[in-house]
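Order of the sequence lines sets the chain letters (A, B, ...), proteins ahead of strands, with each chain counted from 1.
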Amino acid sequence: MRHWLMKSEPSDYCFDDLVRDGYISWIGVRNYQARNFMRDDMRVGDGVLFYHSSCDEPGIVGLAEVSRLAHPDITQFDPSSPYYDPKATPEAPRWVHVDIRPIRKTRLLALPEIRDCPELANMRLLQRGNRLSITPVEPEEWHFILKRLES
DNA sequence: GCCAACGTTGGC
DNA sequence: GCCAACGTTGGC
C-alpha cells in the first residue's frame, strides 16, 4: 500500500465537505504527472493525507483513502466544463481520476510545523518549486505524520 | 497582490 | 527540437 498527499483549496472543497459527502471524485486534474500517479500507482486502500492549500493556514487537515481506481474523467468531454479538453475523446480519454473517502478529520498539521520536522525534510511537498496537487508520501513520512497528529 | 517556479503552447 | 511567451500554482 502506498501513501499520498492530495491538495485541495478549502474554498473549493474542504475536508468537512468530504466527510459530508462520504466520498469525492477527484476530477479536474490536468497535469500529466499527477494523472500518472492516479492512473499507474494509486490503488484502492492507499492512504491519503488531505491538504488544504491556498488558504490562511495551509496544512494537513484529515486522513482519507483511495476508494476507487482511476477511471476516465468525464468533464474532459464536456464543452461547458472548465475542465474540457478538446483533444480528448471517449475513445482516447486523456484524463482520469480516482475517488477518495474520508477516514477521519485530524488536527491541523500546518505547513510551518511540517517544515520544522527534520524527519519530513525530504517530503515531496516541501521540495523547491513543487506545485503538484498529488504527491507520493514515503512510508516513514506517513508513519511520522500519523504519530505527530496524535500529539 | 506579488512573484518564483514550473508546465504548456505554438511558431519556427 | 528549440525556446519565448504565456498561464497556473501556491506561499507569503
Review point. A:Trp4 and A:Pro136: which non-hydrogen atoms are nearest, and at how many Å?
Key: CE3-CA, 3.6 Å

Practice item. Measure across A:Leu125 and A:Thr135 and return the closest heavy-atom pair with its distance rounded to 0.1 Å. Key: N-OG1, 4.4 Å

Practice item. Would you check, one step at a time, whether the test side chain to side chain contact (heavy atoms under 4.5 Å, CB included) holds for A:Leu132 with A:Phe37? Key: CA-CA 11 Å; A:Leu132 275 181; A:Phe37 284 140; 3.9 Å; yes

Check your understanding: Do A:Thr75 and A:Arg30 meet the criterion of a side-chain donor-acceptor pair at a distance under 3.5 Å?
Key -> yes

Practice item. Before accepting this row, confirm whether a basic side-chain N of the pair A:Asp17/A:Arg20 lies closer than 4.0 Å to the acidic partner's carboxylate O. Key: yes

Point to revise | Under-4.0 Å salt bridge between A:Lys147 and A:Glu119 | key: no

Taking only N/O atoms, report every protein-nucleotides 1-3 of chain C pair under 3.5 Å with atom names and distance.
none

Exercise for review: Return the 5'-most residue of the pair A:Tyr32, A:Arg128 with respect to DNA chain B, ranking by each residue's nearest nucleotide.
Suggested key: A:Arg128

Exercise for review: Go through residues 77-92 of chain A and report each residue with a non-hydrogen atom lying under 4.0 Å from DNA chain C, sorted by number.
Suggested key: none

Exercise for review: Would you check if there is a donor-acceptor pair between the side chains of A:Arg94 and A:Tyr32 at a distance under 3.5 Å?
Suggested key: yes

Point to revise | Side chain proximity check, A:Met42 to A:His97, heavy atoms < 4.5 angstrom | key: no

Exercise for review: Give the B/S/- string for nucleotides 5-12 of chain C, one per nucleotide from 5' to 3', where a protein heavy atom under 4.0 Å of the base yields B, of only the sugar-phosphate yields S, and otherwise -.
Suggested key: --BBBBSS

Check your understanding: So if you build clusters from Ile, Leu, Val, Met, Phe, Trp, Tyr with side-chain heavy-atom gaps below 4.5 Å, do A:Phe77 and A:Ile27 land together?
Key -> no

Practice item. Might you confirm whether atom CG of A:Asn122 has over 12 heavy atoms from other residues, nucleotides or ligands at distances under 6.0 Å? Key: no

